Structures are given as structure tokens and as C-alpha cells.
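The structure under discussion appears below in the form of C-alpha cells.
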Amino acid sequence: MSDVTALFFNAEIMAKTAGFLLDGLWMTVLLCLVVIPVGALGGLVVAVLAALKRRWLNIALVIYVDVFRALPPLVLLVFVYNVPPFAGYKISELEAVVIAFLLNTSSYYGEIFRAGIESVGRGQWEAARSTGLGWWQTMGWVVLPQAVRNVLPDLVSNTLEVAKLTSIASVIALHELMFAARSAQQATFNYSPLILATVIYFVLLWPVVRLLSRLEHRKIAAR
Amino acid sequence: MDRFLFTFFNGEVMWEYLPKILSGMWVTTYLAAFVIATGLALGLLLAVLRSTLSQKMPAPLSWLAEALRLLIIFFVDVMRSVPPLVLIVLFFYGLPALGLDIAGLGATWLALSLVLAAFAEEIYWAGLIAVAKGQWEAARSTGLGFLQTLIYVVLPQAIRLTVPPLTNRTIAITKGTALGQVVAVQEILYQAYSGLSFSSNPSPLTLGALAYLVLFLPVVVAGRWIETRFAWRR
Amino acid sequence: MAAAGRHILDVRGLHKSFGTLAVLKGIDFRLRERELAFVIGPSGSGKSTFLRCCNRLEEPTSGSIHVDGTDILAPGVDINAVRRRIGMVFQSFNLYPHMTALGNVTLALRLASRKSKAEALEIGRAALARVGLAHKAQAHPGELSGGQQQRVAIARALALEPKIVLFDEPTSALDPELVGSVLQVMRDLRETGMTMLVVSHELQFARAAADRVVFMEDGVIVEQGPPEQVFGAPQQARTRAFVARIDGHR
Ligand SMILES: Nc1ncnc2c1ncn2[C@@H]1O[C@H](COP(=O)(O)OP(=O)(O)OP(=O)(O)O)[C@@H](O)[C@H]1O
Ligand SMILES: [Mg+2]
């Protein structure tokens, strides 16, 4: 048992590698700050375009969304990172992550925003249009604010998933938290850095999980 | 254009790696099936347990029940806040050290099953509370016991409510089988990735992506159908 | 007034509090076999709570309740067996939406009374016939009108051959034109000699069918007696005020 303690809960090694892991954490935070707004914005564009209800555009959007929801994000990332060099473009790790995440998360955010827009009744459109607001004005000032409120738990939930998903960037050697933990593990021949990373993820994301629980229960109670 | 086809859709290379990709598809499929089976079953068990533990009971027993209930919530919270990849790697190294010799396949199965169980527990639980209190009271007033009411009256309704969110979550977590590549599970991505390294040509990767589309696109489309169907039946 | 018989329901000194809020403050109440008592009173006076204590959907804080001679608050009592002998009909029907009308009626017969499938179906069909819905046995609640749903709920209670049926505002959730069919079923039930305790604002029905009217306010029974007395010549000022108020509404 003390073996296990020394291998997994080694305070000394944790202390020694903590700084290295924090560097990684900084990168994880940076990734979140880039990837989440970009994906959410992409999703918003997808959903608003879908609300235009143009037949061919809609078919194209459904294909886009379903294809990128069908591909595992890691597959997408590996693909985006490894393929461009064969076409003569050396893509950076960060670029690859941003592109792969944009394709994946905009599909998910897109579905959520679409459900939100559909949850706003026809009456709201008619009322706004009857006062002389244009389509885009109605969408922007009347429909979207309600849509976002209606699907807030799903938006938070998806954002949490995106934040966790940044850990796959370690596979293409982007120096974020998970990569730092694995490097530290390999350098020290000890698994304590992995435990430390687990704890860091948990401590950072637990409040979000709790908040989510609250939001979801409130949504149920409201019915 | 020819050069493009030669590079990304190289027939020869694809043909060469097709058997490997197919064997990867088989691994992905059964791994996914096992994850779904254990994850959904464990999730349901936890939700039912949590509901039972929330019953009124006499004092010393109620403390134990409360402790167990908090433990379930804590488990769910941990599984929801830690990335699945981290769990897979952790189990891959950690469980052998505890004397449980599971390979990458076992670690991936266990990690994804626990994550799915946690999400499923939350969804089932939400479904259970969403069933109106009157349903409990009506059933209990005819002499049905707690478990009978839960099984015959409340759960069938709760499960109906949970089908759409559960379907989406299950698809998302099942795609996590690709994470097994990191611990050398020989699923599609692993085969495609090693094909890429051996052949110095991205065609195996293209083939791998296509294999995922073949497996998951029908599931995603089915999920979309289930969502609309259950939405207006309510 | 019904013939003197033994007491089916015997409530003494019933108190019920929710935390610090005292809702029932000492209820003494007896109901004879074949008697129909009507409970009226302002909103929040504790009528529902009183009814729900009688089958322990709410746990009384103190007092005693006997149903057909059984002390239902006794420590080792099999509450599920007790509840089978006490029917309950809810304001919001509470039918199981995922089952047919017949499924709703037979579930407890199968699970709680442990009847065979054939026997349960037979009893269930008979119960549905009693409320005039034999032809709707295979319909789901969503396919029935409110009045039909409530009659299925009554059949669900009757199928267990209860000693007494508790009704908590059985017609309040119904459109006016559907109220009549439910009241008719209750009238028929009374003809067969069922013991009934009814919370309702259907005063016409109370005047015509009740043996006794009970006026509750603020967690106590203020006054009770035959309908002519409680409605026509109430003894207490509080009863008079309440009766005047609800009569004014009609
Ligand atoms: N589960 C509960 N927890 C806390 N307070 C409750 C609960 N159930 C009832 N009460 C309170 O008890 C009081 C009596 O409620 P009850 O439902 O018995 O009244 P009622 O006479 O049936 O009223 P109504 O005519 O509106 O149905 C109310 O003040 C109510 O708020
Ligand atoms: Mg009431």
C-alpha cells in the first residue's frame, strides 16, 4: 500500500512538478478563452442561418452539424493537425486545436441555439414584426435573448464539456495541463503529477458542475 | 487535383489499410456497446438508490442514508468535472498498481462507463423528480409500496422524459472510445494513426474518418429523429 | 341520516404541523358505515391535510386514527394493506399516463392485492363498468376527457373494494359541463352504501346527497350537522359568514 502512496500520492513529487503543471494550466485557460467564444459564435451563426429557413441552406447546415457531431473530436484534431503538412502547409498546434474545436463545438452550440430559437413562440415574432421591427432586429432584440435564457443550462453544460475537451490537445503535444502532467509523469517515473492534474481539473470545474445542477433543477421545477 | 486525390484518397494505400481499419471498427463497436450497457445500467442503479435513500427513515439509519446519498452526488460531480482522457490515463496506470491488471481496453471501458453512469444518473434523477408528486400519491394511496411505485409508475414515465437527453449524452460519450488510442486500444483511430506513420500518407486517416462517419452518422441522425419524436409526444 | 352503524373512520385529537406551521389543531371526527360527510371551509383551512392524514399520505403529528377498527398509526401496521381499504380520489386525477384505463385500475390489484391476471382484469372491467366507462378500457388518459379521467380514477379506487373513499375536490379541475357525470357516479356510489368523505364546493350536491356537512376553519372543525342546519341555520358566526360568502358566489 505504501508503494501506491509513493507512486501516486507523493507529496514531494507533486510539489516539485506543481510549477510545471501550472504552466500547463495557464495554457489550458488560454485555450478555453479562445476556443469557447469562437465555438459559441460559430454555433450562433449556424443557428441564426438555420432560422432563415432556406431549404438548401438548411440541408447544408444539418449535414455540417451532423457530420461534425459524428466525428470524435480527437479524430478531428488528429486529422486537422496531420493532414495539412501533406498539402504543403505546416500547421501549428494551436491553429489545429482552434480549427478542430471550431468545427466540433460550433455544431454542438449550433444545435443548442437552434433549440432555443425554436422554443420562442410564434407570438413573439408576430408581435415584434407587427410593431415594424425587421427580421434581424426581431432575432437580435426579441428572440435571441429569450432563446439564450431558455437553453442556459445546456449552454453551460456544453461549455463545461468544451473546457474538459481541451485536454485532448495533449495528444498533439500542445503544452496544456494534461500534457504537462504526462510529461512530468514520464520525467519522474511517478504518477503523482496525474493525480495532481485530476485534482486541479476537479477543483476548477466543480463549481461549474454544481451551478449546472442548480440550473437543471430549476428548469425542472419551472415546468 | 490528381495530386490531391493521390495524397488524400490514395486507393492503393487505402486498400492496404482497409483490413486494419475494419478490425478497428470492430473494436470500437464492441467497446462502445460495453460502455453503453454498463454505463446506462449503473446510472439507473445509482438514480434508484439515490431516490430510495431520499426516503424518510428513522434517525440512525437516516444518517447512513444521507452519507451514502452525498457519496453518490460526489461521485457524479467528480466524473462530470474531470476530463475522460485524464480518467483513462489515470486508470491505465493506477489500476495495475492496485493489483487490477486491466489493459488500455479495460481502462477505457471503465473510465467511459463511469462517466456515462454519472451523466445518466443525473438525467434519470432529473426525470424522476419531474414526474409529478401526484403520481406517487395516487399509487401509494392504492397500497403500492415504494419500490412498486418506483418501478411500475414513476420510472416508466421518467425514462420517457430522459430518452432525448440520454441519447445525446450517450452518443457523445461513446465517441470517447477514440480516446483509447492514447493507451494503445486498437480501435479505429489507433489503426488509422499507425497507418499514417507507416505509409507516410494521410489516406489511412481519411479512411479512419470515413469509418467513424459510417458508424456514428446513422446514430446521430437517429438521435435527431428521437429528439423530435419524443418532443411532440409529450 | 344514515342508520346507526359502527364507525368506519374514527379520528381523535388529530394534530398536524409542517415545521412550525400548525395546520390541524385537534380534529375529532367519526364517520359511520354508509355515511356521506361533506367537508367545506376556506382555502388553507386544512381540509386536504385532514383527508391526507386519514391514509397517511401525510404523517400526523399526534392523535389517533382508526379505520374500520384498525389503528392506522400503530407502529407495526402494514400501511400498504391499510391503504388498499381506503380509496382516494384526487383533484388532479393522477392517472398513470403510460397505462390504459384498465391498466390504471388493475395495477394495484396485481401488485398490492396479488390477484391473478385474469381475476384482476375481471374486477377492473367491472369497476370501469360501474363508472360507465367499460368501452374506454383500452384508452390512455390522454385520450379521455377530464370527466372520464376522473371516473377512471374513481374506478381505480373502487376496484380494491375499499371500506371508505376519500374525495379531495374531485370536480374542481373539471369544466362545468363535465362535473355532472362525476357527481352522478358519486351519487350511484352512495346508493350502494359506500362510506364517503368528500371535500368539495359543490353545494347543490351537498344539499342533496350529504348526511352531514362539516365546516372547517383554521385547522379545527367549527361546526357540523345535517346540510339543512349548516346551510340553513348555522349556529356559529364563522359558519354563517362562510356560507353567506359562498352562497353569494352562486
Ligand atoms: N407539504 C406541506 N408543507 C408545508 N405546508 C403545507 C403543506 N401542505 C399544506 N401546507 C399548508 O397547510 C395549510 C393547509 O393546507 P390544505 O391544503 O390542507 O388546505 P385546504 O383546506 O385543502 O385548502 P384548499 O381549499 O385551497 O385546497 C396551508 O396553509 C398550506 O400552505
Ligand atoms: Mg385542498
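Letters go in sequence order (proteins before strands), and every chain restarts at 1. Only heavy atoms go into these numbers, but all of them, side chains included; no hydrogens, no water, no symmetry mates. If you're wondering where the values come from, they're calculated on a predicted model, not measured in any experiment.
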Inset, instruction - Check for a donor-acceptor pair, side chain of B:K175 on one end and backbone N or O of A:R69 on the other, with a separation under 3.5 Å. - result: yes

Inset, instruction - Using a cut-off of under 4.5 Å on heavy-atom pairs, state which of A:M178, A:R182, A:K164, A:Q185 scores highest against chain B. - result: A:K164

Legend entry - Heavy atoms from other residues, nucleotides or ligands near CZ of B:F75 exceed 12 (cutoff 6.0 Å): yes

Legend entry - Segment of B:L85 engaging chain A (4.5 angstrom heavy-atom cut-off): both

Inset, instruction - Name the region of B:S200, side chain, backbone, both or neither, that has any atom closer than 4.5 Å to a heavy atom of chain A. - result: backbone

Legend entry - Max heavy-atom pair count under 4.5 Å with chain A, selected residue of B:V182, B:L196, B:V86: B:V86

Legend entry - Shortest non-hydrogen contact between A:A70 and B:F216, atoms and distance: O-CB, 3.4 Å

Legend entry - Any side-chain heavy-atom pair of A:S157 and B:R169 under 4.5 Å: yes

Legend entry - Under 4.5 Å from a heavy atom of chain A, the part of B:L205 involved: both

Inset, instruction - Give the minimum heavy-atom separation between A:V75 and B:A178, together with the two atoms involved. - result: CG2-CB, 4.0 Å

Inset, instruction - For residues B:V78 and A:W206, determine if any side-chain heavy atom of one lies less than 4.5 Å from a side-chain heavy atom of the other. - result: no

Legend entry - Between CG on residue A:L205 and CG on residue B:D77, distance to nearest 0.5 Å: 11.5 Å

Legend entry - Between CG on residue A:L160 and CZ on residue B:R80, distance to nearest 0.5 Å: 7.0 Å

Legend entry - A:S167 OG to B:L179 CG distance, which is reported to the nearest 0.5 Å: 7.5 Å

Legend entry - Results of side-chain hydrogen bond (donor to acceptor under 3.5 Å, both in side chains) for A:R114 - residues two or more places apart only: A:E111, A:E118

Legend entry - Partner set under side-chain hydrogen bond (donor to acceptor under 3.5 Å, both in side chains) for A:Y64, not counting sequence neighbours: A:S106

Legend entry - Which of A:L212, A:L76, A:D66, A:I168 touches chain B most, by non-hydrogen pairs under 4.5 Å: A:D66

Inset, instruction - Quick one: pull up OH in B:Y93 and CG in A:L7 and give me the separation to the nearest 0.5 Å. - result: 12.5 Å

Legend entry - From A:L204 atom CG to B:S81 atom OG, the distance as rounded to the nearest 0.5 Å: 10.0 Å

Legend entry - Interchain contact, A:V203 with chain B, by part (heavy-atom threshold 4.5 Å): neither

Inset, instruction - Could you look at B:F119 and say if it's the side chain, the backbone, both or neither that has a heavy atom under 4.5 Å from chain A? - result: side chain

Inset, instruction - Side-chain contact test, heavy atoms from C-beta onward, threshold under 4.5 Å: evaluate it for A:F79 versus B:T206 and give yes or no. - result: yes

Inset, instruction - Go through the steps for B:E122 and A:V209 under the test side-chain contact (heavy atoms from CB on, under 4.5 Å), then give the verdict. - result: CA-CA 11 Å; B:E122 274 293 300; A:V209 171; over 6 Å; no

Inset, instruction - Evaluate whether atom CD of A:E95 has more than 12 neighbouring non-hydrogen atoms of other residues, nucleotides or ligands under 6.0 angstrom away. - result: yes

Inset, instruction - Among A:L165, A:L177, A:V171, A:V78, single out the residue with the greatest number of heavy-atom pairs under 4.5 Å to chain B. - result: A:V78

Inset, instruction - Starting from the C-alpha separation in whole Å, work towards a yes-or-no answer on side-chain contact (heavy atoms from CB on, under 4.5 Å) for B:L90 and A:Y191. - result: CA-CA 8 Å; B:L90 198 61; A:Y191 306 116; 5.9 Å; no

Legend entry - Max heavy-atom pair count under 4.5 Å with chain A, selected residue of B:V89, B:L215, B:V219: B:V89

Inset, instruction - Working to the nearest 0.5 Å, report the span between CG of A:L71 and CG of B:L213. - result: 4.5 Å

